[in-house]
Amino acid sequence: MFGQVELLPADPILGLIEAFNQDTNPLKIDLGVGVYKDALGNTPILKSVREAEALLLTRETTKKYIGSHGDPLFAKHILPLVFGEASSVLAEQRATLTQAPGGTGALRLAADFLRRNAPEKTVWISNPTWPNHYAIFDSVGIKHANYAYVDSETNRLDFPAMLADLKQIPQGDVVLLHACCHNPTGFDLSTAQWQEVLAILQERELLPLIDFAYQGFGEGLDKDAAAVRLLSEQLPEVMITASCSKNFGLYRERIGSFIGVAKNTDDMEKLRSQMASVARANYSNPPAHGSAIVGTILASTELNTLWRSEVDDMRNRINTLRQQFVTALTPYGLAEKFACVAEQQGMFSYSGLKPHEVAQLQKEFGIYMVKTGRMNIAGYNEQNLPYLCQAIASVCGKK
């Protein structure tokens, strides 16, 4: 059987890891894979995480299953983090959380739920988006289509085109929205723009599926949740997929959550029963270690305060790197061309570099990024920034 199967190409993002590792250029830079890196180029373990793990070593008494919905302590503290302590959604018991293996696992739970309960619906996805969105819905046979998001000519958010497309979506379909730090572009909606999107969702009775992978990396933990809170409070039904990979630095622990908001408690319980069944059919029980770390941090006043400070530090570092990037391109006459980098939010930037320029950067300079021009801002540092900007100037015809 295996001799007859098709050899598939490497994932366009994860495949960059192997290519980068094999590159012998001592000046090589990895701007592809979406992980946070510090000034030394390392993906650090947060101090709050280390202290929480030390506590767990002394407290943990069993390795038994934690149930299909996951760790109750994790859910108890993630829900207020997402919705806010004074949330009417929580007060009315409209929300349910099912722990998942990362944000990707949460998206798979959402896809499986839709396949079971609304197979005729189409999921509408921004153009561009994180490529794995397509793969996840393809894997369960859910139809998907695109709505406009970025003007490819100007490399800027095209909000009028986005609104026009949303207004054409058939009644009752699903719309996948990025809560903050849009991946791959870094272009986010303003509060006023989210209000306009909300009006369309209400008018056309569209079900939002909000990908919330970067809370804290845009403007702050609460500000980044503004769209999630707005839609959840104003709409009868919302689906949210959250991740702790970035803001807790727990990439390899695979800890995320599917959160469903229903019209009332009865509907919430129905949804909760469905999610338990979907999780059971996927992986039965989620892993416990990552959720125990998060729960321990959020339940401790001291660790919670430390963690929030560390999130602030990561976000501020990313924003500083954005500004430094544009400044470093000024001597080459490219500051205006790449000014969008300083305007975007989160780890990623839709740089505007063309596929042939990306290929040239990789071949001649050992600089790796996704062929669309998406680059991980946290992938470079103050030491290699001059080399990066010199290389970009070279491929853009500026010496």
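Positions are given from 1, in the same order as the sequence printed here.
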Inset, instruction - Sequence neighbours left out, what pairs pass ring-ring contact (aromatic ring centres under 6.0 Å, His included) with at least one residue falling in residues 48-107? - result: none

Legend entry - Leu73 with Val82, same ILVMFWY side-chain cluster at under 4.5 Å: no

Inset, instruction - Starting at CG of Leu79, measure out to CD of Glu85 and round the result to the nearest 0.5 Å. - result: 10.5 Å

Inset, instruction - May I ask you to decide if Gln274's main-chain N or O and Ser277's side chain share a donor-acceptor pair within less than 3.5 Å? - result: no

Inset, instruction - Give a yes-or-no answer on whether the side chains of Thr296 and Arg59 include a donor-acceptor pair shorter than 3.5 Å. - result: no

Legend entry - Those residues that, when tested against Asn132, pass side-chain contact (heavy atoms from CB on, under 4.5 Å) (two or more places apart): Thr104, Trp130, Ala135, Ile136

Legend entry - By side-chain contact (heavy atoms from CB on, under 4.5 Å) - contacts of Thr154 (at least two apart): Asp151, Arg156

Legend entry - Donor-acceptor contact present, side-chain Gln99 to main-chain Asp71, <3.5 Å: yes

Table please: side-chain donor-acceptor pairs of residues 230-243 below 3.5 Å, with sequence neighbours left out.
from, atom 1, to, atom 2, distance (Å)
Ser232, OG, Val228, O, 2.8
Ser243, OG, Ser245, N, 3.0
Ser243, OG, Ser245, OG, 3.3

Inset, instruction - Of all the heavy-atom pairs spanning Ala100 and Leu109, show the shortest one and how long it is. - result: CB-CD1, 3.9 Å

Inset, instruction - Find out whether Phe187 and Cys340 are in side-chain contact, i.e. whether some heavy atom of one side chain is under 4.5 Å from a heavy atom of the other. - result: yes

Inset, instruction - Not counting sequence neighbours, which residues clear side-chain contact (heavy atoms from CB on, under 4.5 Å) with Arg280? List them please. - result: Ser68, Ser284

Legend entry - Listed partners of Lys167 passing side-chain contact (heavy atoms from CB on, under 4.5 Å), at least two apart: Ile200

Inset, instruction - Give a yes or no on whether Glu336 atom CD has more than 12 heavy-atom contacts from other residues, nucleotides or ligands under 6.0 Å away. - result: no

Inset, instruction - Supply the members, apart from Met1, of the Ile/Leu/Val/Met/Phe/Trp/Tyr cluster built from side-chain contacts under 4.5 Å; use none for a lone residue. - result: Phe2

Inset, instruction - Output every pair passing ring-ring contact (aromatic ring centres under 6.0 Å, His included) with a member in residues 226-256, not counting sequence neighbours, ordered by first then second residue. - result: Phe248-Trp307

Legend entry - Asp313 with Arg317: basic N within carboxylate O range, under 4.0 Å: no

Legend entry - Carboxylate-amine/guanidinium contact Lys270 Asp267, below 4.0 Å: yes

Inset, instruction - Taking Asp224 for its side chain and Phe217 for its backbone only, find out whether a donor-acceptor pair lies under 3.5 Å. - result: yes

Legend entry - Side-chain (Arg315) to main-chain (Gly216) donor-acceptor, under 3.5 angstrom: yes

Legend entry - Side chain Tyr350, main chain Gln344, donor-acceptor under 3.5 Å: no

Inset, instruction - Quick one: pull up SG in Cys181 and CD1 in Ile318 and give me the separation to the nearest 0.5 Å. - result: 8.0 Å

Inset, instruction - Keeping the roles fixed (side chain from Asn285, backbone from Gly67), state whether a donor-acceptor pair exists under 3.5 Å. - result: yes

Legend entry - Test item: Val370 and Val358 side chains (from C-beta on) under 4.5 Å apart, heavy atoms: no

Legend entry - Residue pair Leu306 / Lys47, side-chain heavy-atom distance below 4.5 Å: yes

Inset, instruction - Measure from the side-chain N and O atoms of Gln345 to the backbone N and O of Asp188, and report whether any donor-acceptor pair falls under 3.5 Å. - result: no

Legend entry - Point-to-point distance, once rounded to the nearest 0.5 Å, from OH of Tyr387 to OH of Tyr380: 16.0 Å

Legend entry - Asn42 side chain to Pro44 backbone, donor-acceptor under 3.5 Å: no

Inset, instruction - Would you confirm whether Ser257, through its side chain, and Ile259, through its main-chain N or O, come within 3.5 Å as a donor-acceptor pair? - result: no

Inset, instruction - Quick one: pull up CD1 in Ile142 and CG in Leu114 and give me the separation to the nearest 0.5 Å. - result: 5.5 Å

Inset, instruction - Determine which pairs satisfy side-chain hydrogen bond (donor to acceptor under 3.5 Å, both in side chains) with at least one residue from residues 368-379, sequence neighbours left out, and list them in order. - result: Asp23-Tyr368, Asn183-Arg374

Inset, instruction - Could you tell me whether the side chain of Leu353 reaches within less than 4.5 Å of the side chain of Phe338, counting heavy atoms only? - result: yes

Inset, instruction - Check the side chains of Asn304 and Arg308 for a donor-acceptor pair under 3.5 angstrom, ignoring hydrogens and angles. - result: yes

Inset, instruction - Give every residue pair that meets the side-chain hydrogen bond (donor to acceptor under 3.5 Å, both in side chains) criterion with at least one member in residues 195-209, sequence neighbours excluded. - result: none

Legend entry - Residue pairs involving residues 153-182 (criterion ring-ring contact (aromatic ring centres under 6.0 Å, His included); sequence neighbours excluded): His133-His178, Tyr149-His182, His178-His182

Legend entry - Backbone of Phe20 reached by a side-chain donor or acceptor of Lys28 within 3.5 Å: yes

Legend entry - Any pair counted as ring-ring contact (aromatic ring centres under 6.0 Å, His included), so long as it reaches residues 93-120, sequence neighbours left out: none

Legend entry - From Asn381 atom CG to Gln324 atom CD, the distance as rounded to the nearest 0.5 Å: 10.0 Å

